[in-house]
Amino acid sequence: MTPTSPLSLRDRWALYLDLIRWSRPQGWLLLLWPTLAALWLASDGMPSVHMLAVFTLGTILMRSAGCAVNDVADRDFDRHVQRTAQRPITSGRLSVKEALAVGGVLTLASFALVLTTNVRTIAWSVGALGVTILYPFTKRFFAMPQAVLGVAFSFGIPMAFAAVQDQVPPVAWWLVAGNLAWVLAYDTEYAMVDRNDDLKIGMRTSAITLGRFDVAGVMGFYALCLACWWQAGQLLHLGWPWSLALGVAAAQAVWHGWLIRGRERERCFQAFRLNHWLGLTVWLGAVLDRALAALPPVGA
């Protein structure tokens, strides 16, 4: 089927949902959990309904728009990769112009949400959009494009603090550093799935750059991530729920290392897909810690 073939409204809608990976929510969950954790910590455990709506819907919309931009940028590469050959643009079922229109509409909807916050948050959102557009193209020349993805996936953290406190305190940067390391860990697992195809087409990824040290690199990124988040907890005087959550997250990271040790495609993809549970664990640690801190002292 060519891009000009007639499609029913139902078929076209299905293509749009496939373009934005609607059936694969792991992507936006990986963005959502650290953003919500930052929102909880920035608001001392009491985020407003307005802020919850802005950051939850905004995360889903921007991740969806990012998928459209990524697929347009990678359309000539994706046809050579087993996992991506049947994506809507690559397979010719959706035109580039239509995909860009979908991405543009989603971006505008997300920006409309940000406009309900403050000037500082709006400024951060512009930077987030720029890095989101830049990321797909870095895979052509940058040895560790996952680091650029990590920056893009971390903008929700300073934006949450800016929206709640109208500032970005030092602790936010520890959360950002941890999130960047986490993205490097799980997206290297993802890159390990496509390593053979990427080598053939000349794509740059962290899995290729790390070579035989890929598994060690992933585990090192997990360790750095948890260390940064632990330091953030120290600065915020978080208690045992945060430490417990990081301990459970560390156990999950060890399990991921066990899965990828043989570098089998299916096991590496499984490890990547499980990462949203690690993010959920850390967010729950923030929620429980702030909830317990808000309780009156025993006997008061």
Side-chain angles (χ1 to χ4, degrees), residues 19-41 52 55-71 83-84 106 110 128-129 131-132 135-136 138-139 144-160 172 175-194 205-207 217-219 221-226 228-229 232 245-246 248-253 255-257 259-260 267-287:
L19 174 69
I20 65 174
R21 322 278 201 274
W22 186 253
S23 63
R24 286 155 283 178
Q26 292 89 357
W28 59 261
L29 287 173
L30 290 170
L31 270 164
L32 183 62
W33 298 132
T35 300
L36 287 184
L39 187 61
W40 243 261
L41 296 174
L52 280 173
F55 282 94
T56 300
L57 294 176
T59 294
I60 295 172
L61 289 169
M62 275 310 297
R63 185 263 179 174
S64 299
C67 289
V69 172
N70 183 81
D71 284 8
R83 184 179 51 80
T84 60
L106 294 170
S110 179
L129 176 61
V131 178
T132 298
Y135 161 66
T138 61
K139 290 180 277 187
M144 297 284 280
Q146 281 69 24
V148 182
L149 180 67
V151 173
F153 272 29
S154 297
F155 265 90
I157 295 171
M159 286 177 65
L175 294 171
V176 166
N179 196 64
L180 174 57
W182 183 37
V183 175
L184 281 165
Y186 66 65
D187 210 57
T188 298
E189 293 171 347
Y190 194 48
M192 289 168 71
V193 178
D194 297 330
T205 73
S206 55
V218 168
M219 299 312 294
F221 292 141
Y222 276 128
L224 179 59
C225 158
L226 295 170
C228 289
W229 285 344
L246 294 184
V248 175
Q252 292 178 58
W255 170 238
H256 295 175
L259 286 174
I260 68 174
R267 289 294 188 97
C268 292
F269 193 50
Q270 181 186 3
F272 164 75
R273 293 183 56 157
L274 288 172
N275 266 277
H276 71 91
W277 293 106
L278 190 154
L280 172 62
T281 299
V282 174
W283 172 63
L284 288 175
V287 171

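None of these values were measured; they are calculated from a predicted model. Along the sequence shown, the residues carry numbers beginning at 1.
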Report the relative orientation of the aromatic rings in F272 and F269; use parallel for angles under 30°, tilted for 30 to 60°, perpendicular for over 60°.
parallel
Please state whether the rings of W33 and W283 are parallel, tilted or perpendicular, taking 30° and 60° as the class boundaries.
parallel
Between [atom1] of [X] and [atom2] of [Y], what distance do you get to the nearest 0.5 Å?
{"X": "Y190", "Y": "T205", "atom1": "OH", "atom2": "OG1", "result": "12.0 Å"}
{"X": "D187", "Y": "F153", "atom1": "CG", "atom2": "CZ", "result": "7.5 Å"}
{"X": "M192", "Y": "S206", "atom1": "CE", "atom2": "OG", "result": "9.5 Å"}
{"X": "R273", "Y": "R24", "atom1": "CZ", "atom2": "CZ", "result": "9.0 Å"}
{"X": "F55", "Y": "L36", "atom1": "CZ", "atom2": "CG", "result": "9.5 Å"}
{"X": "T188", "Y": "M219", "atom1": "OG1", "atom2": "CE", "result": "12.5 Å"}

Go through the steps to decide whether L184 and L224 satisfy the test side-chain contact (heavy atoms from CB on, under 4.5 Å), and finish with yes or no.
CA-CA 10 Å; L184 281 165; L224 179 59; over 6 Å; no
Could you tell me if the side chain of [Y] sits less than 4.5 Å from the side chain of [X], heavy atoms only?
{"X": "N70", "Y": "K139", "answer": "yes"}
{"X": "R63", "Y": "L30", "answer": "no"}
{"X": "V176", "Y": "F155", "answer": "no"}
{"X": "D71", "Y": "L19", "answer": "yes"}

Let me see the working for I20 and W28 under side-chain contact (heavy atoms from CB on, under 4.5 Å), right down to the final yes or no.
CA-CA 10 Å; I20 65 174; W28 59 261; over 6 Å; no
What is the minimum heavy-atom distance between [X] and [Y], and which atoms define it?
{"X": "G150", "Y": "L180", "result": "CA-CD1, 3.5 Å"}
{"X": "L278", "Y": "A253", "result": "CD1-N, 4.4 Å"}
{"X": "A245", "Y": "V282", "result": "CB-CA, 4.3 Å"}
{"X": "P34", "Y": "I157", "result": "O-CG1, 3.9 Å"}
{"X": "T35", "Y": "A160", "result": "O-CB, 4.2 Å"}
{"X": "C268", "Y": "E189", "result": "CB-O, 3.6 Å"}

Test side-chain contact (heavy atoms from CB on, under 4.5 Å) on V69 and T132; report intermediate values, then the result.
CA-CA 8 Å; V69 172; T132 298; 5.5 Å; no
Check the pair T281 / Q252 against side-chain contact (heavy atoms from CB on, under 4.5 Å), numbers first and verdict last.
CA-CA 10 Å; T281 299; Q252 292 178 58; 2.9 Å; yes
